[in-house]
Amino acid sequence: MNPYDKLLEEARGRPFAAIVGWPIEHSRSPALHGYWLRKHGINGHYGRLPVEPKRAALEELVAFLRRTSNARGCNLTLPHKIEIMALLDHIDARARHIGAVNTVVKRPDGSLEGRNTDGFGFLAALAEGAPQWKAAAGPVVVLGAGGAARAVVASLVEAGVPELRLVNRTQQSAIGLGVAFTPKDGRRITIERWDERSEVLDGATLLVNTTSLGMKGQPPLEIDLARLPQSAVVNDIVSVPLETPLLAQARARNHCSIDGLGMLLHQGRPGFEAWFGQKVTVSAEQRAEVLAT
Ligand code: ATR
């Protein structure tokens, strides 16, 4: 069955949203939104839509969202977060700044607005997992300069970090991010060499991995945490597996460590609230349920 017809059949006339990507079978988003729908007794649906990485396929998605009266919007994941932007009616300021959209909300007038909630999710998971961490307390280190790094760097700068050390295998991409996200108030983003990633941990309050290293099927991230101060937080946004080699090392050294599931759960909150009109929170029960799927 055509995935659009399948989604409409599942929704049975109820308001709905969906996760859109290619591939999409393994996405955890239906589980996390399904939890909130049930918990709050909302008569709605959250499904999944495989959409090929082609302009025509994205145009079909946008046309479907426009003409379907019970469609409230969608989430976007790889590889659509950038290409979708040209097809929407509005892009909010944060999504424009980050340069990517992960959430589409249909406004009351039927127009489609693109937002980015990844940075919000990242900061909310950090606040939940490390409430003692303060942005202003000192330098932070971010590994990676891909799509995920853009949201992380933008949100850390916005949160007020005094210095951000950006480390990426391809230094040119890190320079691009540095140019895009350096604030105009004198705070710095310094570009560090990939082979010095262990040295630049000196004095840092936070280490974030946004690279795909440590992800299932990828090589582990090789880094020596010896120079990282004991009080520093280690955050790996990889969510499969949850305990990456980096987090195992951080736990063994007694660092406060944060896995990638929190960011995934929290980034879903603003979309859910916009589509279904219900404020939601992240809980241990939801986490366990999402992990069980
Ligand atoms: P995402 O959107 O998830 O951030 P991405 O845009 O493909 O994905 O970015 C992947 C990141 O992981 C990049 O920072 C990439 O480094 P390069 O810019 O040098 O490609 C990093 N990465 C992937 N494989 C890597 C490897 N084997 N060693 C070091 N960094 C790696």
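Values reported hereafter were calculated over all heavy atoms of this structure, with side chains retained and with hydrogens, waters and symmetry mates removed. Order of appearance sets the numbers: ligands from 1, and atoms from 1 within every ligand.
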One pair to check against side chain to side chain contact (heavy atoms under 4.5 Å, CB included): I223 and L246. What are the steps and the verdict? CA-CA 8 Å; I223 191 164; L246 170 64; 3.8 Å; yes
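Here the protein heavy atom with the shortest distance to atom 11 (C) of ligand 1 is T211 CA, 3.9 Å. Of the protein's non-hydrogen atoms, T170 OG1, 3.5 Å is the one closest to atom 17 (P) of ligand 1. Among all non-hydrogen protein atoms, the one lying nearest atom 4 (O) of ligand 1 is A148 N, 2.9 Å. Looking at atom 20 (O) of ligand 1, its nearest protein heavy atom turns out to be R169 NH2, 2.9 Å. With hydrogens left out, the protein atom closest to atom 2 (O) of ligand 1 is G147 N, 3.3 Å, a heavy atom. With respect to atom 23 (C) of ligand 1, the closest heavy atom belonging to the protein is S212 OG, 3.2 Å. Here the protein heavy atom with the shortest distance to atom 9 (O) of ligand 1 is G146 CA, 3.5 Å.
Outside the 6.0 Å centre-distance limit, the rings of H80 and W22 are not counted as a close aromatic pair. Under the 6.0 Å cut-off for aromatic ring centres, F181 and H97 qualify, their centroids lying closer than that.
When each atom of ligand 1 is checked for a heavy atom of G144 under 4.0 Å away, the hits are 14 (O).
Between D118 and N116 the shortest heavy-atom distance is N-OD1, 2.9 Å.
The existence of a salt bridge linking D195 and R193 is confirmed by a sub-4.0 Å separation between a basic side-chain nitrogen and an acidic carboxylate oxygen.
Nearest to atom 16 (O) of ligand 1 by heavy atom, out of N209, N168, L177, is N168.
Within 4.0 Å of atom 6 (O) of ligand 1, at least one protein heavy atom is present.
Donor-acceptor pairing under 3.5 Å is lacking for the side chains of E60 and Y4. No side-chain N or O of R12 forms a donor-acceptor pair with one of H45 less than 3.5 Å apart.
More than 12 heavy atoms of other residues, nucleotides or ligands lie within 6.0 Å of CD in E52, so this atom counts as buried by the packing criterion.
At a 3.5 angstrom cut-off on N or O pairs, L78 does not count as close to ligand 1. Among the atoms of A149, none of the N or O lies under 3.5 angstrom from an N or O of ligand 1.
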